[in-house]
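These figures come from a predicted structure and were not determined experimentally. Below, chain A is the first sequence line, B the second, and so on; all start at residue 1.
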Amino acid sequence: MSTPMVDVRGVHKSYGPLEVLRGVDLQVQPGEVTVIIGPSGSGKSTLLRSINHLEKIDRGYVAIDGEFVGYRRSGDRLYELREREILRRRTHIGFVFQNFNLFPHLTVRENVTEAPVSAQGRPRAEVEALAAELLEQVGLSDKADAYPRQLSGGQQQRVAIARALALRPKVVLFDEPTSALDPELVGEVLEVMKALARSGTTMIVVTHEIGFAREVADTVVFMDAGQIIEQGPPPQVLDRPRHDRTRAFLGKVL
Amino acid sequence: MTAPAVLEETAAGSAGSLTVIKARHPGRWIAGAVVAVLLAMAVNALITNPAWDWPVVGAYLFHPSVLHAVLFTVELTALGIVLGFLLGTVLALMRLSRVPLLASVAWGYVWLFRSVPLILQLLFWYNLAALYKQISFGVPFGPAFFSVGSMDLIGPVTAAALGLALHQAAYAAEIVRGGFLSVDPGQLEAAAALGIPRARQIFRIQLPQAMRSIVPAAGNEIIGLVKGTSVVYIMALPELFYQVQVIYNRNGRVIAMLLVAAIWYLVLTTVLSAAQYYVERRFGRGLARGLPPTPLQRVRRILTVRRQRPAGGGGGRR
């Protein structure tokens, strides 16, 4: 196989005495969709947040398209980068939050165009055109001038997805994107994500939507207690899990 | 027990034909009447008692020396607020910074300037020349490029403005810091995840949202400072309060002149309160599902609705 788009090796992370990640290895190939499932507190979200350096890791490394996130390698040492450089590298990684985190004082269009203009220095006209295209893609062309609070949760999350895509990222990370939504709004967000997956976007999705995992994922990863217990194609992990812990978890959620 | 009976009656009385009678509130009417009488008495006492000296109030309200004093009060307030909030914002950012020394220095500044009474601080600045005769500019602890006499650099007006601004900065720092803390941490996380540069995160994402809680508190401070400038009278500067004192010492109309000052302070604070209302609306964008109409919009709507009934609410929803 070619070099993975996302390469996570031996990642350890502790909050004080609590070890949240205990040696995680994960490779995601370009264009692949990886869905991470597991019980609360298993370290799924922490892993996702470490991938774009929102959390600093204690040991191991994360590379996106062969480039370390947050560090520079010299010999066998990793030097933490300055904030400016970390911010620049983050623009290669889209991140969609559970609580959307749209900027409430900016319109939908401004939310989408802010980072490409201010962080990547792309020309405003080009970014505006892209924003219009992306909003159409997520079905919100008519909401460009609305403020986030005027939208439903599902609409806000679709704006957040457009905002992440506007950076033209190499990979998009989704942190429980439907967990804060009313049940009837979950579908519209999942539809947008499915379309995105079909278009060949590299995605890592932390979710409790097992149906989504089965339909869209190339690889399903089951995490528990800070480790990856097993991973593989959806039928293998979801229907014929090899580990008891996976079986126990699926028994509760299915 | 009674519920089934009510339902029966409703059914019997051919549903929908029941009329709603609003509850009466005799207590409210009595309370209103009492307050109206008291208010009339107060107005009467103000108008009919000749000791208030209304003709003199009228004569001095727009007297050039009073107007100059009002202007000076406005200038002092503006200087105090603008410089105070600029320095206050810097102090707030220092306090929130990850550099321990910066945070401690900001904390120390707020501690010192909030602890010493304003009037005392003003007198210190006024007497600065007694403490330091010369102020030099040059290499720290090294040679000086040039020196100025303290007296020349800090006159009474500068001392007053400086004193007000430095005192105000301590309060402003806490208000601005509180504003920043009120912003959802998720906002900063989202900005960081999008790779938005640090300065832009502060001024484009955090500050506009912080303004929502900064503005009401800042409004309090500005209005407080309008009146606070009256403390400067101890430095014999011709602001409003000092000026009316000068006049009543000459003409003996103490009450009338105090009224003149009171009226001007009322006017200034009223203008500022109105301004605050509109500034709050500006920073309220996108935060409420719809902003309530301004008083002007309300009047206009009433007029248009009268003229053409079926036109409907207009901008009622967004």
Side-chain angles (χ1 to χ4, degrees), chain A residues 48-49 51-55 69-70 82-108 110-121 143 145-152 156 159-160 163-167 169 172-173 175 180, chain B residues 93-94 96-100 102 176 179-216 218 278-293 313-318:
Chain A
L48 207 62
R49 293 161 60 84
I51 292 177
N52 75 344
H53 204 66
L54 278 178
E55 302 283 351
V69 183
R82 299 233 192 143
E83 192 172 358
R84 181 191 295 267
E85 183 59 18
I86 293 174
L87 288 170
R88 192 188 67 73
R89 293 197 183 183
R90 274 214 193 106
T91 62
H92 300 314
I93 308 165
F95 200 98
V96 176
F97 294 88
Q98 181 176 348
N99 298 315
F100 332 135
N101 287 341
L102 292 179
F103 306 129
H105 60 303
L106 304 182
T107 63
V108 164
E110 290 167 334
N111 263 281
V112 177
T113 56
E114 173 62 31
V117 174
S118 74
Q120 295 179 317
K143 300 290 187 193
D145 293 310
Y147 286 98
R149 299 263 162 97
Q150 294 165 340
L151 305 180
S152 73
Q156 289 191 48
V159 173
R163 180 173 74 171
L165 294 176
L167 290 165
V172 186
L173 312 177
D175 188 9
Chain B
L93 292 176
M94 282 170 68
L96 295 169
S97 85
R98 281 162 239 175
V99 186
L102 292 188
V176 173
F180 274 101
L181 292 180
S182 75
V183 178
D184 174 14
Q187 291 291 309
L188 208 53
E189 201 160 66
L194 287 164
I196 296 171
R198 187 80 185 103
R200 182 108 178 143
Q201 288 180 21
I202 293 174
F203 291 105
R204 171 77 166 166
I205 305 300
Q206 276 189 299
L207 192 57
Q209 298 188 59
M211 285 308 273
R212 259 179 77 234
S213 67
I214 292 176
V215 170
Y278 285 95
V279 173
E280 272 179 35
R281 282 178 63 86
R282 175 76 173 68
F283 288 105
R285 271 176 323 164
L287 291 161
R289 274 176 190 268
L291 288 170
R317 227 175 293 157
R318 292 229 155 115

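- Contact annotation for Gln201(B): only side-chain heavy atoms (C-beta onward) come within less than 4.5 Å of a heavy atom of chain A.
- Of all heavy-atom pairs between Ala119(A) and Pro197(B), the closest is CA-CD, 4.0 Å.
- There is no contact between Glu85(A) and chain B, counting heavy-atom distances below 4.5 Å.
- For Ile93(A), the part lying near chain B is the backbone, with the side chain staying farther off; criterion is any non-hydrogen pair under 4.5 Å.
- Top candidate by heavy-atom pairs under 4.5 Å with chain B, chosen from Ile86(A), Thr107(A), Leu167(A), is Leu167(A).
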Verdict with supporting geometry, His105(A) and Arg212(B), side chain to side chain contact (heavy atoms under 4.5 Å, CB included): CA-CA 10 Å; His105(A) 60 303; Arg212(B) 259 179 77 234; over 6 Å; no
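- Among Leu106(A), Asn99(A), Val117(A), the residue with the largest count of heavy-atom pairs under 4.5 Å with chain B is Leu106(A).
- Between Ala193(B) and Phe95(A), the shortest heavy-atom distance links the atoms CB-CB, 4.1 Å.
- Contacts between Leu173(A) and chain B at a heavy-atom distance below 4.5 Å are absent for every atom of the residue.
- Both the backbone and the side chain of Arg198(B) come within contact range of chain A, judged by heavy atoms closer than 4.5 Å.
- Heavy atoms of Asn52(A) lying under 4.5 Å from chain B belong exclusively to its side chain.
- The most heavy-atom pairs under 4.5 Å with chain B, out of His92(A), His53(A), Arg49(A), Arg88(A), come from Arg49(A).
- Tested against Asn101(A) for a side-chain contact (heavy atoms from CB on, under 4.5 Å), the candidates Leu194(B), Asp184(B), Leu188(B) yield a single pass: Asp184(B).
- With respect to chain B, the highest number of heavy-atom pairs below 4.5 Å among Glu83(A), Arg89(A), Arg84(A) belongs to Glu83(A).
- What you find for Phe97(A) and Ala190(B) is that their closest heavy atoms are CE1-CA, 3.6 Å.
- Across all their heavy atoms, Thr91(A) and Gly195(B) have their closest contact at CG2-CA, 4.0 Å.
- Here the closest heavy-atom approach between residue Ala192(B) and residue Arg90(A) is recorded as O-NH1, 3.0 Å.
- Distance check: Arg200(B) CZ to Leu87(A) CG gives 13.5 Å after rounding to the nearest 0.5 Å.
- At a 4.5 Å heavy-atom cutoff, the contact between Arg163(A) and chain B is made by backbone and side-chain atoms alike.
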